[in-house]
Amino acid sequence: MLFGKYINKYYKKYFIFFLIGLLALVLVDYFQLEIPRICGLIIDGVKDGSLFTDENINKMVRYMLYLGLIAFIMFAGRFAWRWAVFGVAVRIESDIREDMFKHSLGLSNQYYKQHKVGQLMALYTNDLQTIRQSFGGGTIYAVDALFLGGIAFYKMVKLNYILALISLIPLTVIMVASLLIGKVMERKHLRRQEAYDDLSDFAQENFSGISVIKAFVKEVFEIRQFKKLNQNNYNANVDFIRFSLILDILLSFFLSFIVALLFGGGAYFVIKQTTFFDEVFTSGRLFEFVGYFMSLIWPFMAVSMLIQLHAQGMASYKRVEEFLDTNIDIVDVDVKDISSIKGKIEFNHLNFKYPDADENILSDISFTIDEGQMVGIIGKTGCGKTTIVDLLLRIYNIDENMLFIDDIDIMHLPFKKIRDSIGYVPQDNFLFSDTIANNIGFFSEDDISEEEIEKAAKLASVHDNIVEFENKYTTVLGERGVTLSGGQKQRVSIARALIKDPAILIFDDSVSAVDTDTESKILSNLREIRRGKTTIMIAHRISTVETLDKIILMDNGKVVDFGTHNELLSRSNLYKEMVHLQELEKEIGGED
C-alpha cells in the first residue's frame with residue numbers, strides 16, 4: 001500500500017472495494033487458523049483412541065465436515081479478495097494514468113523540449129505497473145502480516161510461550177535485516193527505472209528515425225549504442241535482483257533453522273508432558289503449534305515482500321509525483337469573456353526569449369494585421385518566424401501589453417478560445433496513425449460529412465492523390481503519416497486547417513514541399529474562401545507571399561520592413577537580394 005497526495009483520494013473513492021477485500025482476507029485468515037486446531041484435536045483423539053468410541057464417532061464426522069466447510073469458505077473468500085483487491089489496483093492504475101495524461105496535455109512545449117518521449121513512456125508503463133502491484137500485492141501482504149501473523153503468534157503463545165518466544169528472536173532478526181535491505185532496494189529500483197528510461201528513449205528515437213539510420217548506413221553503430229544501454233539496463237536489473245535474492249535466502253535459512261528448533265524443543269515438552277496454562281503439551285498440540293508457525297511463515301515472508309514492493313512502489317511514485325508536480329505554465333488569469341475572435345492582430349514592441357535562454361529571440365516586434373488581411377512573413381532560417389506563431393497560439397507566456405488580438409491583450413483572452421479561433425498548419429506536418437478522413441476532420445468531435453472532407457481536400461489540392469489509394473479517404477496512415485509523401489502530408493495538413501474555417505489561419509512554411517503550380521492553386525483557393533478572414537503565411541519562397549496584402553520581412557529576430565511586395569522591392573536591399581537569389585535558383589533549375 002502507498003500513500004501520497006495524488007493517491008490518497010483513491011482509498012476513499014474505492015472504499016467499498018477495499019472493505020470487501022479486507023473482510024474477505026480476514027475471513028480467510030481466520031478459518032485458515034482453524035485447520036491446525038482441528039488437526040491437533042484429531043491427532044490427540046487418534047493417539048488415545050477416544051475418537052473411535054461409539055459415543056465420539058460423530059465428533060470425528062463433525063471435524064471432517066468442518067474441514068470441508070473451511071475449504072469452501074477459503075475458496076470463496078480467496079476469489080472475493082482477488083476480485084476486490086486486484087480489481088481496485090487495476091482501477092487505480094487506470095485513474096492515475098488518466099490523471100497523468102490530462103496533466104501532460106496541459107504542460108507547455110518547453111517541458112517536452114527538456115524531457116524525452118521514452119522517459120515519459122516509462123512513467124506510463126513500468127512505474128504505473130509497479131504502483132499497481134504495490135496496491136494489489138501490498139494490501140494483501142499488509143493484512144496477512146498484521147492479522148494472520150498476529151493471531152497465529154497469539155495462538156502459539158497460548159500453546160507454548162517458551163517456544164513462541166524462542167521463534168520470535170530469529171524472526172525479529174529477519175525483520176530488521178529486511179528493513180535495512182529495503183532501503184538499499186529502493187535506490188536500486190530507482191536506478192533500474194532510470195536505465196529503462198534511457199533504453200526506451202533510445203529505441204523510440206531509432207524507430208522514428210529508421211529511414212535516416214538506413215540512409216547513412218549507421219545500423220551497426222546504433223546496434224552498438226543499443227547494446228551499451230541494454231547492458232546497463234541488464235546490470236541495473238541484476239543488481240536489484242541480487243539484493244532481493246539475499247533477502248529471500250536469508251529468510252529461507254532462518255525459517256529452516258526455526259522449524260528444526262521447534263521440532264526438537266517441542267518433542268522435549270511432549271515427552272516431559274509440560275503444562276502451559278493448565279493444558280498438557282501433547283503431540284497433537286505440538287502439531288497445532290507447528291501449524292500456526294507455518295501459518296506465521298507467510299506473514300513474515302509477506303513482510304519481506306511488502307518491504308520490497310513498498311521500496312519499488314515509492315521509487316516509482318516519486319517519479320510520477322514529480323511529473324504531476326510539474327507546473328502548468330499556460331493558464332487563464334483575469335480573462336475577458338468574449339463571444340468570438342474576428343482576427344485583428346497587433347504586436348506592440350514585443351520582446352521574447354525562451355524560458356531556458358539568455359538572449360531574446362524576438363526584439364522590439366511591432367506590426368498590425370487588420371481583420372481579413374492575407375499577410376506573409378519571410379526571412380532567413382532562425383530569424384524568429386515560427387516563434388511569432390507560437391506566441392499567437394499562446395504556447396508561451398509573454399509580458400502584458402505586447403500582443404493584442406481584436407485590441408485585447410492576449411494574456412487576458414482564454415487560451416482555448418484563441419486556439420479554437422486559429423487554424424494552424426505546422427512546419428512538421430504531423431499526422432496521426434488514423435484514416436485520412438479522420439486526420440482531415442481532426443478538429444471536430446462530431447462526425448463530419450464526406451462532402452465537407454472532400455471539399456477541404458480539393459481546396460488543398462490533395463483530393464486527386466487520395467482517390468488513387470485503394471481505400472481512398474479510409475486509408476489508414478502509418479505512424480506520423482509515413483504512408484504519404486512530404487508534399488501529400490503538407491496538403492492533408494492544409495485540408496485539416498481549412499475545414500475548421502477559423503478566424504485566423506496560419507501556414508508555417510506549409511507549401512515548401514509542393515511544386516509551384518500546386519502552390520499557385522492552393523493560394524488561389526485561399527483568396528477565394530478566405531475573404532474577410534485573416535491569413536498568415538510563413539514562407540521561404542518569394543512566390544508564396546508576393547501576391548499577399550502585406551509582407552513582414554524579418555532578420556535576426558527583428559522586423560526590418562513591412563509592406564507590399566512592390567514596396568519592399570523599392571526600399572529593402574535584403575528583400576531585393578532574396579528575390580534575386582531565388583530568381584537565379586529558378587534559372588539554374590534549383591526550384592521546380
Side-chain angles (χ1 to χ4, degrees), residues 207-212 214-215 374 386 389 393 419-531 533 535-541 543-545 547-548 591-592:
F207 293 149
S208 297
I210 191 67
S211 59
V212 177
K214 290 180 178 293
M374 294 187 71
T386 298
V389 174
L393 287 165
R419 295 171 187 174
D420 279 341
S421 303
I422 295 177
Y424 178 45
V425 186
Q427 213 169 12
D428 62 359
N429 302 296
F430 183 91
L431 297 177
F432 295 92
S433 183
D434 201 343
T435 65
I436 294 175
N438 287 342
N439 268 285
I440 293 175
F442 178 72
F443 86 97
S444 177
E445 295 181 4
D446 301 321
D447 291 333
I448 301 176
S449 67
E450 294 180 10
E451 292 77 14
E452 290 180 275
I453 291 173
E454 287 188 15
K455 179 182 177 182
K458 289 175 180 177
L459 291 171
S461 296
V462 74
H463 172 75
D464 292 341
N465 298 116
I466 294 173
V467 295
E468 290 177 357
F469 291 115
E470 181 180 353
N471 296 319
K472 298 180 174 57
Y473 283 89
T474 59
T475 300
V476 177
L477 303 180
E479 187 176 5
R480 301 180 68 91
V482 70
T483 309
L484 304 178
S485 67
Q488 289 170 342
K489 284 197 290 185
Q490 274 195 342
R491 283 174 282 158
V492 169
S493 294
I494 291 171
R496 179 172 60 189
L498 290 176
I499 199 172
K500 188 177 180 181
D501 192 26
I504 301 171
L505 181 60
I506 300 174
F507 290 77
D508 189 358
D509 199 22
S510 305
V511 290
S512 59
V514 301
D515 57 74
T516 52
D517 289 337
T518 303
E519 177 189 62
S520 179
K521 291 178 183 177
I522 293 172
L523 291 175
S524 177
N525 291 334
L526 285 174
R527 291 189 195 94
E528 182 66 28
I529 66 171
R530 295 291 299 170
R531 288 179 182 174
K533 296 180 180 179
T535 303
I536 300 173
M537 300 197 71
I538 295 175
H540 286 93
R541 293 197 297 216
S543 60
T544 306
V545 299
T547 61
L548 303 183
E591 180 170 310
D592 293 335

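For clarity, every value in this text was computed on a predicted model and none was experimentally measured.
- Ala437 and Ile453 make their closest contact through O-CD1, 3.7 Å (heavy atoms, listed as atom of the first residue, atom of the second, distance).
- Considering Ile422, Ile529, Leu526 as possible partners of Leu505, the one that fulfils the side-chain contact (heavy atoms from CB on, under 4.5 Å) test is Leu526.
- The two residues Gly423 and Ala497 have their closest heavy-atom pair at C-CB, 4.3 Å.
- When all heavy atoms are compared, the tightest approach of Leu484 to Leu431 is CD1-CD1, 3.8 Å.
- Counting only distance, with no hydrogens or angles, the side chain of Thr435 and the backbone of Val476 share no donor-acceptor pair below 3.5 Å.
- Between the OG1 atom in Thr544 and the CZ atom in Phe507 there is a gap of 10.5 Å [rounded to 0.5 Å].
- Shortest non-hydrogen contact noted between Ile448 and Ile499 is CG2-CD1, 3.8 Å.
- Separating the CZ atom in Arg496 from the NZ atom in Lys500 is a distance of 10.5 Å, to the nearest 0.5 Å.
- With sequence neighbours excluded, no residue forms a side-chain contact (heavy atoms from CB on, under 4.5 Å) with Glu450.
- With rounding to the nearest 0.5 Å, the separation of CD1 in Ile522 from CD in Gln490 is 8.0 Å.
- From Arg530, atom CZ reaches atom OG1 of Thr535 across 4.0 Å, with rounding to the nearest 0.5 Å.
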I'd like a table of donor-acceptor pairs (distance under 3.5 Å, sequence neighbours excluded) in which one partner is a side-chain atom from residues 456-474, with atom names and distances.
unit_1, atom_1, unit_2, atom_2, d
His463, ND1, Tyr473, OH, 2.7
Asn465, OD1, Arg491, NH1, 2.8
Thr474, OG1, Asn471, O, 2.6

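- The CG atom of Asn439 sits 11.0 Å away from the NZ atom of Lys489 when rounded to the nearest 0.5 Å.
- In this structure, Asn438 and Phe432 have side chains that are not in contact, with every pair of non-hydrogen atoms separated by 4.5 Å or more.
- Atom CG in Asp508 sits 4.0 Å away from atom CD1 in Ile538 (nearest 0.5 Å).
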